[in-house]
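Notes for the one structure printed next.
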Amino acid sequence: MQGVLGVFHHLDSTVSAIEELKKKKLGDVTVYSPTIRHELDDAIAGPNSVVRRYTLIGGLLGVSFGYWIAIWSSDYWPLVTGGKAIASWIPYTIIGFEVMVLVGCLATVAGMFINSRIPRLTTTVGYDDRFSAGHFGVFIECDANKASQAEDLLRHAGAEEVRREA
Amino acid sequence: MTVKKKWTVIPGFLALAAAATLLSAYSGASSSQGKIVEQPVKFVHAPHVQKAGMNCLYCHSAANKAPDPGNASVSTCMGCYTLVKPQSAEIKKVAAFYQKGQPIPWNRVHKVPDYVQFPHMRHVNAGVTCQTCHGQIQNQGAQGPDTNYVPVQQVNSLNMGWCINCHVQGYKPAEGARLAGQKVTPELEAMPAKKARYDCAVCHY
Amino acid sequence: MASVAHPVREGIRGPNIASADVQLPAVRDYEQVDRDIIATLGFTKKWFIGLALAIVAMLCGASAWIYQIYWGLGQAGYEPPVMWGNYIITFVFWVGIGHAGTLISAILYLFRAGFRTSIYRAAEAMTVFAVMTAGLFPIIHIGRPWKFFWLIPYPNWRLLWPNFKSPLVWDVFAISTYLTISTTFLFIGLIPDFAVLRDKETNPTRKRIYSILSLGWRNSDREWRHFAKAYLFLAAFSTPLVLSVHSVVSFDFAMGLTPGWHASIFPPYFVAGAIFSGFAMVWTITIPMRKWFRLEHYITLNHLDATAKVVLFTSMVVGCAYLIEFFIAWYSSVRPEQEFFWNRVFGQWWWAAWIMLLCNMALPMSLWSQKLRRNPTWLFVLSLFINLGMWFERFVIVVPSLSHEFEPWQWGGYTPSWIDMAFLVGSFGWFFMWFLLFVKQMPVMAIMELKEIVTPRFKNTHGHGGHH
Amino acid sequence: MSTEAGTGVKRREFLKILGATGATTAVVGCSSEKVGKLIPYVASPDNTVPGVSQYYATTCRECAAACGVLAEVRDGRPIKLEGNPEHPMNRGAICATGLSAVQGLYNPDRYRSPMVREGNALKPTTWDKALELLAQKIGEAKSKGQAGNVVFVNQHESGTFPGFLDQWLSANGMPNHLSVDSTAPVATIAANQKAYGAAWPQLDFGAAKLVVSFGADFLDGWGHSVPQQLDWADARAKITDAPRLVYVGARRSLTGLNADQWIPAKPGSEMALCAALTGAGTAQAASDASGVAVGTIEALAKAIADAGNGVMAICGVTGSDAVECATMVADINKKAGSVGTTIKPASGHAGYAGLASYADLAAAVKAMDAGSVPLAFLRGANPAHTMPKSAGFAAAFAKVGFKVAFTAVPDETSQLADLILPDNHWLESWGDAAGANGQLGLQQPTLEPVFDTRATSDVLIALAKKDQALAAKYNVADYRSWYISKFPGGGSAFTTALTKAQVSSGPLVPTSGRTLAATAMPAAAGNGDFFVHVFPSPTLGDGAGANKPWLQELPDPVSKIAWQSWVEVHPSTAKKLGIKEGTQLTIETAAGKVTAPAYIYMGVRPDTVAIALGQGHTAYGRFAQNIGVNAYDLVPAGWDAAGGLAIGNLKAKVTVGTDNSPLVTTEGSARQHGRGIGQAMPIGVLLGTEQENDEHHHEIPGLPSQDFKKGLQSPVAADAQGEFANPKSKDTGMYDPEHSSKMESRRWAMTIDLARCTGCSACVTACYSENNIPTVGAPYQGRALSPTNWDERPGANIIKGREMAWIRLERYYEGNDNTENEFSPDFDTRFVPMMCQHCGNAPCEPVCPVYATYHSPDGLNVQVYNRCVGTRYCSNNCPYKVRYFNWFGYGEPERRQYAWPEPMHWSLNPDVTVRGKGVMEKCTFCVQRIREAEHRAKAEGREVNADEFTTACAQACPSRAIIFGDAADENWTVSKLAYDRRAYHVFEELNAYTAVVYLKKVNYPAPASPAKA
C-alpha cells in the first residue's frame, strides 16, 4: 500500500487539506488526529458507524437468552418455592435485563473492534508517533504518478512535512 | 495480516476452555464409575449364580425387605463349604474367619454418599433387576478366582443425574431383563416404563 | 481561504465525548497534556511503601479466610438471629463505592457534564476495584464457599439449576455483569491513551506492553468514528445498569419480610446512597492524588465544587429516605415494624443509627457553603466521615433489623469478632493494592478526552476569539 | 468427602467400629448368640434385618418411676429410647431424663475397665485381679470379725436386686445395704405411710376438682413425673370440668407456672397455712406466718370445702417440720373424704420400697468417721456430691479401710475409692423394678456391654463363688439364670413376659423393709435477710444428669438457662439491690456460700432467693466438670422426723458481686409484645358464659380469621388461594394431582394443644435423639477469641445464640407489668413449643439461590443439606426463626467442636444425615419416619393408615399436646383437631399458611381469690 502522508500542526490547515483532497479525488484519504474534532468529522463526512447494529442484535440475543434459561430451567425440574409460580416471569425480567446488558455491551465492543480493524500488532504504513500527541495527519492512498500532485496540495494546505510512503 | 490472525485465536482458546469445563461438569467426571476394589477373599459371583443357580436374595437376604441388602454371614458360607470343595485356597480364608468368629471385612464397592437414602427394597420390589444398577454381576469371575479374575466393580456412575434419569424417564422392565440375561418376553416388551418420585426429599433427608 | 467548522453546527452533529463547559485554563496545548500525565507514571519510594502496606493488609484478610474456612463461620461474630453481619455490610459498602465510577463515566457523559473529564478515569478504575472487592464478600460470607459455583447456571450431572427467583441469584448476575461491563468500559477508554504511551515510551519492554494493550490503535478517522459510537452505546447501556445493580442489591433486603427490610423505597434509596458514598470515595482518592501528582490544574476547584453539589443532593435524597422509612413504619400500624424503628434509634443500636444520621445527613449540609465546597481539605475530611457513615448505614440496615424480628423469643445481639475485623482491613488492603498498581501503570486521566477540551492550534485564528 | 454436607460422621461408621471391637457382629451378617438371646418386641431375632430397627422392651431406671421403655435397636445397638405404648403407667410417653439414658450408656467418660488405686491414681486392671483383690479384702473383714461394720450404699432402686443384695450381704454377715435417693421426698413418703398406709398412693387428677399443692412439683420431679403429667394433662384436657390447681410455695416452679393460682407463702410457713385450712389454727395466725392475705386463706378454705371429695392436697415441703406438715396436708384430704377418690392408696406405687433416709446415711458416715468401717461399697450413689459439706463425707470416707465403687461413670465419690468395679449400664443388664399396682417391670440388655464392664449382680455371684461357704448357695452361672430360677413360671414364662417387659408380681425376693423414722434434727437456721430456696433441677435432678450433654443443653423449663447455675431474684428485689441479670450474687448460709449469676424472675417471693441443685461437679466427666455451683453447699446437715434432709426454710445473706457474667439462656424476650404467639382463651368464653375477651384482636395485628384452614387442605398453599403455581407450565411435575406418586394428595401437619402443654421439654430432647442434633454448649465447643485463645466458658455458643434445638419451648409471661415496683403473684405463663411451621407459602423458600429449601408435594418444607451452600438468607426471612446453622463442624470428628465424642456417635440415627459445617438445618417433621411408614405401607401393598406413625416429639410428649398427621385426610386425628374452636396460627397475618396449628391455652379463674370468699 503506497501513498503520500502529510503531517500538520494546525487544525484548520488539516481541514482545508482534507476538503481539497476530496475535491481532487486523488484516492482514499485517511486522517489521523490525537483526539476527536468535529471540524475533521465535517470535512471527512464519513458514513455513519454500523456499530449500533451489533448493539441491537447483541441486546436482543441477550434478553431472550436470559428469559429462556430462567424459564426453561424452572420448568425442567419444577420445584415450588413459597407458593410462587414455578416459572414466574416478573423476577426473571431482572435476569433478562442483566443478560441483555452483558451481551449487548460485548457485542458493541466486538462491533467496534471488527469495524476499526483492531486488535492489530503493527500500526502499518502512514502512521506517525506524533499523531497520538499534537499533530494531525492526512494520508492519501495513490500511485506514484498522482503522488506529486498530492504532495503539492498538502504543502499548499500548510503541511509541516510531506513524505511518500511505499 | 498474519499478525492479526495471531490475535484472533485467543478468543478461540477461551471458548475451548469454557467448553471443556462445561463438558467435564456435565459428564459427572466426579463419580467413581469403574471403581475396582481388591477384596479379602476373591469372591466369584458367576459360579454361585450360574452353576449353583442361587438367587441373589440367598446371600443379600434383606435386599427385598430393607434399605440395606445385607451380606451373607460367614456361617451361611460355611453352610455349604464344609461340604463343597473345602480345600480351595479362597475357601480356606473364609474358614479361617469362621474359626475366629469374625466377619469377613468386605470392602465396599457401591457407595452412595451418606446424605443419600437408598432403600433397596423399594427398587427390588418394584421389579428393578440387580443388574440395572450393579451391571452384569452374574458374570463376575466366570473363570473362577484364579484365571483372569476381576473383582466386583462399579459399572454405573451412581451419580444423581443417573438416578434421576431412571426416576423421571422410568424403568423399562425389558431393558432390565436383558441386562439380567433373562428371556425378554413380548409381555415385558409391552410393559410401560415404570416412573418414580423425583422429589428431593425422597432420597435426601 | 480555508473554511473551518462553526461552533453553532455542533449540536446537530451529536456530542463530543466531553463538552467544554469546565475549562482547563492552565493547560495550553496537547503536548502539555501528554507531558503532565506521563509525568505521573514513574515509581516513587512513597508509592512502594503504600503498596507494601496495602499488601500486608490484604494478606491479613486472606489468612483470616483460610482460618475461617477450616473452622467454619462460627469464628465470625454472628449471633443468631443475626445471620448476616460484617461480610454483607462490607459487601454492600463496596458495591456502593463501585457506583460513582460508572455514574461519572456513563451518566454524566450522557448528561454532557464536562467536569467529569478530569476525574472519570480514576473514578472508573475505583469502580472496577471496588466491585472486585465487593464480589469476594458473598463468597466469604456463605457457609460452604467451595460450593459457590452452584449459584451459577451451568449444565451439570445433577440436572440442577439455580433458583432464579432468589435475589441472591439476581446478585450473581448483576454483580458479574457490572464487573464485566465496567472493566470493558475502562479498557475501551484506555486504548487511545495506551497508544499515546506506546508512542512516547522509550523503554523497549514497556513499549512492547503498551503496544499490545493499545491493540495497534493509530488514531485514524475510521477508528475514531466507531470508537465514538461504541462509547456512546456503552454509556447508554451502563446507565440503566448502574441503577439496576444497586437496586438488585437492595432487593436482597427489600424482598425479605424482615421488619426494616420489607420496604419498596429501598431501590432508589440504595442507588442514591451508592452514588453518595461513591463520590465520597472519589474525593478520598482524587484529592490526595491531585496534590501528589501535581494535577491541581486538571482537577480544579470548579471540578470539586461540581462534585460537591452532587454529594449535597444525594445526601438529601438519602436523608429523605431515612425519614420516610420512619413515617411508613408509623403509617403502616404494623407493631413489629413500629417497635423495630423505635428500637433502631433509641434501642440497642441507637449509636449506630446516630453515627449514620450525623455523617450522612448532618455533616454534608456544610456543602451549602461555597467556601467549603471549594476547600479540598474539608472535602477530604468530609469524605472520610461519609465513608464511615455509609458503612454504618448498612450496619443499621442489616444488624438491628435481624436482631429484632417478629419472634420476641429469638431477639438477640451482635458483636463482630477479630475475624470480621481482619476481613474489613483485608478488603481495604485488596482495594488499595489494585488502585496503587493502577495509578503507576496507566494514565489516571483520559489524555484523549483532555485534549478534546484543550484548544488545538489554528493557523489563522479569525472566528476563534476567546480561546486564548 | 467428609467436607460434604451431612458427612461429618459417616452414617455407617459404626460398622467399622463394631467390626473392630466385635462388640456385636450382627450388623455384618453373623448373628452373635448374645444378640440371639434378646427377646425382640416386634420381630424375633431369627429374622433380624440389617438397617431395620427392632424394639426391645425394657424398664427405665433413671428414676424411681420405672416407666416401660422400648429401646430402638439398629444393627445391634440402641440408638433411641421410646416410651412403651403398652405400659400402663407411661403409656408410650417418656421424659427428657429417660431419653438421655443412651448418653449415659455411650458416655465417653465411663470407666472402660476395672480400676485399682495405686498411690494417688486409679489405674486400669483386669477383672480377675480386681475380683481377687476384693475377695481377699472381704475375707480379711470377715476374719477380723468386722463384717458387721461393712457399709453398702446403693443408689435407690426397687425390684428384686435390693433383696438379692441384702441376701448376699447377710450371707457374708454384713448388714443390709442403704438404698439412698437424695431427691426422694422422704417426709412425704413417711407421712403417706402413716396417713394412707401407702408410700405413694396414685394421684387421680381425673377425679379431682381442686388440687392444692404445697410445694409438690408433680410435673417436675416430685414423685413420678411422666405418669403424673399424663393424668394431669388428660384431666385438664376435659376443659369444662378440668381440675383447678392452687400452688403454695415461695417459688413458682414449673408446676407452679401450670397452676391457676400461686399463693406465695413464706418458706416454712406451710404448717401454719395447713393449720388454718384444717381448722387447727386461725387464718390470722396463718396470715401472719405466711404473709398471705387472710382473705386468700379463707377463700382457699372455702374452695376446698366446695370441692368436697374432689380435693387433692399434696405436699412436697422440705424442712425440719416436713413430716408434720405432710401429715396435716393428708388430714385435709381425710377431712374432705377424698382418700380413695383423688388419693388412691390401693393402686399405689411401690417404687420407694426400702428407701433409706438421709439420716441413715449420716449415721453410716458417722461410723466411717469413727474409723470402724473396714470395707465400704458404693453403687451409683454419689454422696460426695449430694451430701452437704457439713456432713463431712469425704473426710469420713477416707477413714474407711477399703473403698469399693461399682459406679459406672467417674464421679466425686468413686474418685475416692480404692477399687472400681464398673457396673453395666441398665441398658446392658438384666433386672427389674417395682411399678404401680403390683406390676413388676422387667429389664433386659439391649446390647453387649460397650466397655469392659460387668453387672454388679454378676460380680456378687462371682465373689460368692470364690468363697467355699457361699459357693453352694450361689451355684448359678450369672444373675440372669438366678433370676429365671426364681421367676414364677420359669424360663418360658420369663420369655413371654419380656415381650411386654411387664409381669404382675412383686419383687422375686422381698425387699427388706425399712421404716423412715428418725428424731428430727433441726439444722442451724442461720441468719440473714433472705430466705434461700434450694430445689432439685427438673432436668439434672441432684446432679446425676449433669454428665449428659442433652440434659445440660436442655434449658431449664422455668428459667430457660442451660450449662449454668443461677440465682433467682424477684425484680423488685433486684431493683433494691441494684443488680442486672447476670450480676454475680454470693449467697451465704450457716452451712456455706456459693456464687452464681442472678436471674431475675417474678415467680419467687421478694424476700426469697432460689437456686437449683445439679451443677458444681468437680469430677463427673467432661460435660459436668467445673460448671456452675453445688447448691448442697448451702444446706446445713439437719433432717426431719423421717430422716429426710431438711433443705427448706434456710436464711441467707446475699452480697452483690462486682462482675457480671452473661446468662447461658435461650430466652430473647420473655414478653410477647402483643404478637399473639401463645394465645389463651378464658374458660368462660368456651362455656359461653362470658364474652370473647378478643384477646387476639389486640394481640394479632390484622384481623384474625380461620382462613388458614384451607391452606391445610393441600400441600402448596398457593392451591388454597386458588392459583396453582403456574397454569401455563406444561409440567407441574409431582405437584400435579394426577402424578403417579400421589404425593400431592397429602399435607403433613401438626396441632399443638397449649391447654395440655406443661412446658416439660421432653419433646426437645426427643428431637435431639431422633434427629442427630448436635449439642453445642460443652466448654470445648466454643470459638476462638484470638488465634491462640478459645472461649471455654460453658455454653459459650449458647451465649452467642447458637443452640441447635429444632424444637424449642418458648415461655412467655402475661400480666404483672409493674413487677419491678410491686410484688404480685398473679401472672399467666404461656408455653409454646416452636418448630418449623412448614408454611404453605414459606418465606424461606424463594430466597434460597440453589433450591436447598423448597416445598415438597406432600406439604413439607424441605431442607436439602447437601445442596445448601449456607447463605442463611432463609433464616433471615423466617418469621418464626426456626432455622439453625452449623457454625462449626459439630458433626466432623476431626474438629474440636465435634458433638459426639466416641463412643457417643453410636447413638446417631442412621436414617438421618449428620450435618457438616456451613449448612442450614431445621425441623423436618421427621421425614425419615414419613418415608419409613411409606416403605412399610408399600411393602404391605397398602396406603399409610391414619395415625400409623408420628414424630419423635409427639411420641415422647408426656402431656399428649402434640399431634401429627395428614391434614388433608379426615381420618387422621390432626385433621379433626385443626378445626377445633381454639385453633389459631402464629403470625397468621403474614399469610404463610403454616402447617402447624396451635390450640389456645384455656385460662381458669383463680380458685381462691378473696373476691369469691
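Owing to the predicted nature of the structure, the values given are computational and were not obtained by experimental measurement. To find a chain, count down the sequence lines: A is the first, B the second, and so on, and within it residues start at 1.
- Within the 4.5 angstrom heavy-atom criterion, only side-chain atoms of D:Leu990, from C-beta onward, approach chain C.
- No side-chain donor-acceptor contact under 3.5 Å links D:Gln837 to the backbone of D:Thr994.
- Only the backbone of C:Phe251 comes within contact range of chain D, with heavy atoms under 4.5 Å apart.
- Only the side chain of D:Gln897 comes within contact range of chain C, judged by heavy atoms closer than 4.5 Å.
- Between the side chain of D:Tyr984 and the backbone N or O of D:Gln679 there is at least one donor-acceptor pair closer than 3.5 Å.
- Only the side chain of D:Arg808 comes within contact range of chain C, judged by heavy atoms closer than 4.5 Å.
- Listed options C:Thr258, C:Asp171, C:Asp252, C:Ile88 were ranked by heavy-atom pairs under 4.5 angstrom with chain D; first place goes to C:Asp252.
- The pair C:Arg344-C:Glu325 meets the salt-bridge criterion, since a charged nitrogen lies less than 4.0 angstrom from a carboxylate oxygen.
- Contacts of D:Tyr880 with chain C are made by backbone atoms alone, with heavy-atom separations under 4.5 Å and no side-chain atom involved.
- Between C:His141 and C:Trp84, the ring-plane angle classifies as perpendicular under the 30° and 60° cut-offs.
- Contacts between residues 70-80 of chain C and chain D, defined by a heavy-atom separation under 4.5 Å, are made by C:Tyr70, C:Trp71, C:Gly72, C:Leu73, C:Gly74, C:Gln75, C:Ala76, C:Gly77, C:Tyr78, C:Glu79, C:Pro80.
- Proximity to chain D (any heavy atom under 4.5 Å) is shown, for C:Tyr87, by neither the backbone nor the side chain.
- Of the two parts of D:Arg811, the backbone and the side chain both hold a non-hydrogen atom closer than 4.5 Å to a non-hydrogen atom of chain C.
- Of the listed residues D:Val850, D:Val869, D:Asn876, D:Val847, the one with more heavy-atom pairs under 4.5 angstrom with chain C than any other is D:Asn876.
- For an aromatic pair to be called close, the ring centres must be under 6.0 Å apart, and C:Phe253 with C:Phe270 satisfies this.
- Neither the backbone nor the side chain of C:Trp170 has a heavy atom closer than 4.5 Å to any heavy atom of chain D.
- For C:Glu337, the salt bridge (charged side-chain N to carboxylate O under 4.0 Å, His left out) criterion is met by no residue, not counting sequence neighbours.
- The aromatic rings of C:Tyr269 and C:Phe266 sit perpendicular, their planes meeting at an angle over 60°, well past the 30° parallel limit.
- Ion pairing between D:Asp791 and D:Lys800 fails under the 4.0 Å rule for side-chain N and carboxylate O.
- The backbone N or O of D:Cys844 lies less than 3.5 Å from no partner atom in the side chain of D:Asn877, so there is not a single donor-acceptor pair.
- Taking the six-membered ring for Trp and the full ring otherwise, C:Phe340 and C:His404 have centroids separated by 6.0 Å or more.
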What donor-acceptor contacts under 3.5 angstrom involve side-chain atoms of residues 131-139 of chain C, with partners at least two apart or in another chain?
{"residue": "C:Thr133", "atom": "OG1", "partner": "C:Phe129", "partner atom": "O", "Å": "2.7"}

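- C:Trp350 and C:Phe346 have their aromatic ring centers separated by at least 6.0 angstrom.
- Between chain C and the residues D:Arg671, D:Arg896, D:Glu803, the most heavy-atom pairs under 4.5 angstrom are made by D:Arg896.
- Using a 30° and 60° split on the angle between ring planes, C:Tyr331 and C:Phe327 fall in the parallel class, below 30°.
- Here the side chains of D:Ile798 and D:Thr666 are in contact, with some heavy-atom distance below 4.5 Å.
- Side-chain N or O atoms of C:Ser166 include none that pairs as donor or acceptor with a backbone N or O of C:Asn163 at under 3.5 Å.
- One finds a salt bridge joining D:Lys881 and C:Glu405 here, because a Lys/Arg side-chain nitrogen approaches an Asp/Glu carboxylate oxygen to under 4.0 Å.
- Scanning residues 406-415 of chain C against chain D with a 4.5 Å non-hydrogen threshold yields C:Phe406, C:Glu407, C:Pro408, C:Trp409, C:Gln410, C:Trp411, C:Thr415, sorted by number.
- C:Trp94 and C:Ser427 make their closest contact through NE1-OG, 3.1 Å (heavy atoms, listed as atom of the first residue, atom of the second, distance).
- For the set D:Ser786, D:Gly918, D:Ala852, D:Pro849, the entry with the most heavy-atom pairs within less than 4.5 Å of chain C is D:Pro849.
- Annotation: maximal heavy-atom pairing with chain D below 4.5 Å, among C:Ser401, C:Ser417, C:Gly256, occurs at C:Gly256.
- Of the residues considered (C:Phe164, C:Phe148, C:Tyr67), C:Tyr67 shows the highest number of contacts with chain D, using heavy-atom pairs under 4.5 Å.
- For D:Pro843, the part sitting under 4.5 Å from any heavy atom of chain C is the side chain, from C-beta outward, and nothing else.
- When the candidates D:Ser875, D:Gly889, D:Pro787 are compared by the number of heavy-atom contacts under 4.5 Å with chain C, D:Pro787 comes out ahead.
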